[in-house]
Structures are given as C-alpha cells and as structure tokens.
Amino acid sequence: MIRINNIKLPVNHSEADFINAIAKSLRIKAGDVPEFTLVRRSLDCRKKPDLYYVYTVEADIPFSYKIKSRNIAEVNKKEFVFQKTGTEHMNGRPVITGAGPAGLFCGLYLARAGFKPLIIERGKKVEERKADVGRFWEYGCLDEESNAVFGEGGAGTFSDGKLNTGIHDRSGMVRAFLKDFVSFGADESILYDAKPHIGTDGLIEILKNIRSEIERCGGEFRFNTRLDDIAKRFDGLTLIFNDGSKIDTDCAVLAIGNGARDTFSMLQRGGIRVEAKPLALGYRIEHPQDMIDIYSYGVSGGELNLPAAPYKLTAKTSSGRGVYSFCMCPGGYVVNSSSKAGFLCVNGMSYADRAGANANSAIVVTVSPDDIEGDSPLRLMQFQEDMEKKTFDLCNGKMPVQRLGDFRDNIASKTIEPLNAGTHKGAVCAANLRGIYPDYIENDILEGLKHFGHIIPGFDNDDAVLTAAETRTSSPVRIKRNDICVSENCDYLYPCGEGAGYAGGIVSSAVDGIRVAQEIACRFKGA
C-alpha cells in the first residue's frame, strides 16, 4: 500500500482536478488512477485569500521505488483488532457506571465480545434528556440528574461534537472509533477531515444507534440510576444505588463524567485512591463569526462556500501560567451547563451547520494543585465548585455577561440586548465578572487576551463578550489506576475516561473506554 501526501488544490477545485493531481504524483494517466481512500483533508490558509485544500490518499498498490517523490511512501496499515484472551472467570457481568463516550464504547466493545455489560446511567436517555435541557434553557427549570452534564452521551452531547484529538493513533483505536461513528450515522467526512465535528443535533441520533447496538448484543441499560456507594468484599464489590438496589460484581468500570462531584467524594470516603489534578478555568468569549472568517480566510467564509472558521490560541503569561482557547465553537452558542441548583457553569455548543452569528470559545488559565491551599485530593474540585457558586449568586442563576472593555475597567456592563444577540442558550444578565476568580486568574486572562489581540485583530476589542464561568474543562480529580487500567488499591475497579482523569473530549474518552474494555477482555473470559 502507498500513501500520497501533500496533494494541494484550490478550494474550488473539481473532482477531475483531484484525479489529475493523483495521476501527476504517480506519473500515470488520469484514466489509470487506481482505487484510493481519502485519509486526510486540511485547509491551507497561509496565502489567504488564496486558499488550498491539502489531501492525503492511500491506494492498495505495491510501492515502486521508480516513483521518486518525497510525497509518496510505503505504508503498513495497522488496524485495531479486539483481543479476547482472558482466563479468569467473571462472576456475573461487567457493570459500567456512566453512559458518556467512555462508558458507551467500553460497553459496545464488551457487548460485541459477548460480555453482556450492564450500563448504569444517573441521567435519562438522550431523547428525554434533550427535552429536559431545552426546558432548562427556556424556563430555568433544572433537573439535577438530567441536564447538559448528566445523561446518556455525557457532557459532550451538548457541545460542538468535535472529534479531533491529539492522540497518536499507534493502536488504531482512534480509527476504529471513527469508523464505528460512521456506521452509527456520522458523515464519512469525519474519517478524513483534519478537524472533524458532528454538532449536537448529529450526536443525538448516533447515541441512540449505539444504545440499540449494545442492546442487540446482549447489553442492558438502566437509566435514572445513580451510584451512591461501593462496598468492598474479599472477592469483588457491591455497588449500591440511589433506589436502594445492589449489584455484586468483580468487574466494575467507573466511567463517570468530570461533574460527578458526589461520586468523587464517595470514592475518597471509601478509601479509593484519588489525587488532585490540574485543570483550567476562565470565561467564554464571543466575537462575530465574520471577524474570525476574515482573519482565517481573508474573506467571509460564505464567499468561498467554506465552513465557519475555527481558531486555536495559546500564550504563556509573565506569571508562567498558560492561557489558551478551549472547546472553540464556530457559529455556535454559549450555553448554561449547570448541573446543581445554586451553582452555574457555562459551555459552548454548535449545531452541525455551525450557522450561528458568533464564534465562541473558552479562554482559560491553568490552575495546579499547588495553587490551592491544603492537601485534600478534592481541593481543586471544591475550588471549582466555589467559583460556580459565586457565578450563580452574581445574577441569581442567570448567565452573567460583560463587555471585555468593561471587564478591563472593572465596571458592570449596563445593557443586555447588545450582549445577548441570540447566541446564548439560557437567560443572561449584564454584570461585572471581576471578583468571581482570584486576581491571578483574572490578570493572566487579561494578559493572554492582549496577546491574542496581536494574533487575531479585534480579538481583544472592547465589544467582545465574556460569559462566566467556564469551569468544567477537565476533571479536577484523577482516580489512580495501574498500567492495566485497574484501580491502584481495588482490584475489581476500572477507572475510565474523562471523569476519572484519563481523557479530555469525545474521542479520547471513547478510546479510553475501548482500552479498558480490551484490558477486561484480556483478563476475564466472561460469564
């Protein structure tokens, strides 16, 4: 098999142009181009507004050393193959707590291997959850177990549906995940786009299809069921749930989300080893999408029939901390993603078309365990919760918003309408965001925004809109595990995914779920 890299064509090229470019690389006629697979497409904007797509394709033909081109190489494709080599007897079946990407993909691969997992989810099915979230955004009626954080699909369901990841896919698990997503209804473009995304509206149907496949393979779901305690036994665990039910198992997967603070507290009380983990906090910032398009493309994206442009920004401040953009949502919305009464946090969300008027992203600063007094492994979680309490109190549960110029001047913004612009999901209130975070976070963010203004003209303009508080960038806790994904001090417990501290985002969480499923299948032979 060969791989042809760096096939570069104008964004408005035709299919014939593409075939001709492949033929030129192989030094053959266009009619002789073999069947090929498109494996990557990225956008080169370095000479804007002259923009180019850059492609990589693979063809299942022998490599010829007569083709002298640095853009052509021989490749040995590595496909992930799930191994079932375990020898230990499993009493009953694996129990997975959490139906986010980690729990679902752990459950999917175990179900396909015949383990018939039981997946426990404290929230509701995704279609019911969608209705609850909509009611909260419109009327402010929060369901603490069915919201933008808890429920089938996890927190990523009500986000942008981004599927890009920094994982080096040596195992082939990322590719396996993407192929699964396509089989469950995602567009095939996620297999080759450099920055693939699905959007909230696309994710919901995919999640329903994953659930159906797990059930078809013998798996089972229990929704509206929260894990409240874990009792250790000499030969396993007893899981205790909010409805009083109990399950004995010697294979329990903890695929909880990063907002499961009650579960983190329960684990610490029960002696499961956890540690404080760095996280990042800050605000959502909004700009007109046209401004970002013009920076990225040189013209409005609509003029070239291109998608709403993303950006990624990083800076190191004079304090030594990092400030960066996170979960950037082109053509998106800022959403109230609270999960507990009296506390408020926000997130960003896009639909598949990314057609919203504004671009938004989190602008956050890194906070380490050393920044917080004390030695409790939950101290960053408690700090995170304190910030959300301050945010809620500022506007009595409405999302507080402020112009960046007013934030710099430490004065409250006075009007709501120019700030809202229909790009928030949930009620907003003009306010002064200063004082929610300690001074060092505010100062580092201001310094970072000034730096970003030198990169994207207008990024730090007075009219940019800030919304508080972005606090759920990652888990504030890591549930410690060994090299085979087992808890360091509980041989029957498998911490998994983002909430456990081993992933960040849909893809890495799902891949960690697959990895944990593989470790289980290499240990147990099933019921």
- Task: Ignoring hydrogens and angles, tell me if any N or O in the side chain of Lys162 forms a donor-acceptor pair with the backbone of Met328 under 3.5 Å.
- Result: yes
- Item | Shortest non-hydrogen contact between Lys316 and Gly320, atoms and distance | CE-O, 3.5 Å
- Message: So, taking the atom named CD in Glu152 and the one named CD1 in Ile204, what distance separates them when rounded to the nearest 0.5 Å?
- Response: 10.0 Å
- Item | salt_bridge(Glu127, Lys208) N-O dist < 4.0 Å | no
- Arg434 vs Asn410, side-chain hydrogen bond (donor to acceptor under 3.5 Å, both in side chains): CA-CA, chis, key distance, verdict: CA-CA 6 Å; Arg434 299 294 284 267; Asn410 197 11; 4.6 Å; no
- Message: Under a plain distance cut-off of 3.5 Å, with no hydrogens placed, do Thr317 and Glu447 share a side-chain donor-acceptor pair?
- Response: no
- Task: Please say whether more than 12 non-hydrogen atoms of neighbouring residues, nucleotides or ligands are located less than 6.0 Å from CD in Glu188.
- Result: no
- Query: So does Arg216 pair up with Glu213, basic N to acidic O under 4.0 Å?
  - Reply: yes
- Message: Which heavy atom of Gly153 sits nearest to which heavy atom of Pro101, and what is that distance?
- Response: O-CD, 3.5 Å
- Output the distance between atom CZ (Phe177) and atom CD1 (Ile506), rounded to the nearest 0.5 Å. 6.5 Å
- Query: Between Asn461 (side chain) and Ala464 (backbone), is there a donor-acceptor pair under 3.5 Å?
  - Reply: no
- Message: For the backbone of Gly499 and the side chain of Ser475, can you confirm whether one donor and one acceptor N or O come within less than 3.5 Å of each other?
- Response: yes
- Do Val133 and Phe158 pass the side chain to side chain contact (heavy atoms under 4.5 Å, CB included) test, and can you show the C-alpha distance, the side-chain angles, and the key distance before you say yes or no? CA-CA 9 Å; Val133 172; Phe158 294 93; 3.9 Å; yes
- Message: Please tell me whether Ser146 and Glu128 have a donor and an acceptor in their side chains that are separated by less than 3.5 angstrom.
- Response: no
- Taking all heavy atoms of Phe150 and all of Gly259, pick out the closest pair and write down the distance. CZ-O, 3.5 Å
- Item | Lys398, NZ: over 12 other non-hydrogen atoms inside 6.0 angstrom | no
- Message: Can you give me the closest heavy-atom contact between Met387 and Ile436, atom names plus distance?
- Response: SD-O, 3.1 Å
- Message: Are the side chains of Ile514 and Phe80 in contact, using a 4.5 Å heavy-atom criterion?
- Response: yes
- Identify the heavy atoms of Asn336 and Ala148 that sit nearest to each other, and give their distance. O-CB, 4.3 Å
- Item | Gap separating the OG1 atom of Thr314 from the OH atom of Tyr324, nearest 0.5 angstrom | 10.5 Å
- Task: Kindly state whether the ring of Phe18 and the ring of Phe36 have centres lying under 6.0 angstrom apart.
- Result: yes
- Message: Would Glu286 and His424 count as a side chain to side chain contact (heavy atoms under 4.5 Å, CB included) here? Give the steps.
- Response: CA-CA 10 Å; Glu286 290 183 272; His424 286 74; 2.9 Å; yes
- Query: Taking atom NZ of Lys8 as the centre, does the number of heavy atoms from other residues, nucleotides or ligands within less than 6.0 Å exceed 12?
  - Reply: yes
- Task: Answer yes or no: is there a side-chain heavy-atom contact under 4.5 Å between Tyr502 and Arg515?
- Result: no
- Task: Determine whether more than 12 heavy atoms belonging to other residues, nucleotides or ligands lie under 6.0 Å from atom NZ of Lys124.
- Result: yes
- Do Tyr55 and Tyr192 have ring centres separated by under 6.0 Å? no
- Query: Could you walk me through whether Arg211 and Lys125 pass the side chain to side chain contact (heavy atoms under 4.5 Å, CB included) check?
  - Reply: CA-CA 9 Å; Arg211 184 206 315 156; Lys125 296 179 180 179; 3.7 Å; yes
- Give a yes or no on whether a salt bridge exists between Glu121 and Arg129, defined as a side-chain N under 4.0 angstrom from a carboxylate O. no
- Do Phe105 and Phe181 touch side chain to side chain, with heavy atoms closer than 4.5 Å? yes
- Are any side-chain N or O atoms of Asn71 and backbone N or O atoms of Ile4, one a donor and one an acceptor, separated by less than 3.5 Å? no
- Task: Enumerate the residue pairs fulfilling salt bridge (Lys or Arg N to Asp or Glu O under 4.0 Å) with a member in residues 352-362, sequence neighbours excluded, ordered by first and then second residue.
- Result: Asp160-Arg354
- Between Pro10 and Asp50, is any pair of side-chain heavy atoms under 4.5 Å apart? no
- Item | Leu191 backbone acceptor or donor facing Arg175 side chain under 3.5 Å | yes
- Message: Can you confirm whether Leu279 sits close enough to Val364 that some side-chain heavy atom of one is under 4.5 Å from a side-chain heavy atom of the other?
- Response: no
- Query: Which word best sums up how the rings of Phe82 and Tyr109 line up, parallel for under 30°, tilted for 30 to 60°, or perpendicular for over 60°?
  - Reply: tilted
- Query: If you measure only the distance, is there a donor-acceptor pair under 3.5 Å linking the side chains of Ser350 and His197?
  - Reply: no
- Could you verify whether a donor N or O on one side chain and an acceptor N or O on the other, from Ser212 and Asn209, lie under 3.5 Å apart? no
- Task: Please answer whether the main-chain N or O of Thr157 pairs with a side-chain N or O of Thr200 as donor and acceptor at a distance below 3.5 Å.
- Result: yes
- Item | Pairwise side-chain contact, Ile285 with Leu449, heavy-atom cut-off 4.5 Å (strictly under) | yes
- Query: Which atom names give the shortest non-hydrogen contact between Leu380 and Lys277, and what distance separates them?
  - Reply: CD1-O, 2.9 Å
- Item | Check against side chain to side chain contact (heavy atoms under 4.5 Å, CB included), Ile22 and Ile7 | CA-CA 7 Å; Ile22 296 174; Ile7 301 171; 3.8 Å; yes
- Would a 4.5 Å heavy-atom cut-off, applied to side chains only, mark Arg403 and Asp463 as touching? yes
- With distance as the sole test, does Ser325 use its side chain to make a donor-acceptor pair with the main-chain N or O of Ser361 at under 3.5 Å? no
- Interatomic distance, CG@Asp444 vs OG1@Thr366, rounded to 0.5 Å, equals 9.0 Å
- is_close_aromatic(Tyr311, Phe459), centroid dist under 6.0 Å: yes
- Is it the case that Asn432 and Asp406 place a side-chain donor and acceptor less than 3.5 Å from each other? no
- Message: Does any part of the side chain of Asn347, heavy atoms only, come nearer than 4.5 Å to the side chain of Arg472, both counted from C-beta?
- Response: no
- Task: Indicate yes or no for a side-chain donor-acceptor contact from Glu498 to the backbone of Ser474 under 3.5 Å, with no hydrogens or angles considered.
- Result: no
- CG (Asn443) and OH (Tyr440) are apart, to the nearest 0.5 Å, by 11.5 Å
- Message: For the backbone of Ile411 and the side chain of Gln402, can you confirm whether one donor and one acceptor N or O come within less than 3.5 Å of each other?
- Response: yes
- Item | Quiz item: cation-pi between Lys48 and Tyr295, 6.0 Å / 45° | yes
- Mark yes or no for whether Gln289, through its side chain, and Ala309, through its backbone, hold a donor-acceptor pair below 3.5 Å. yes
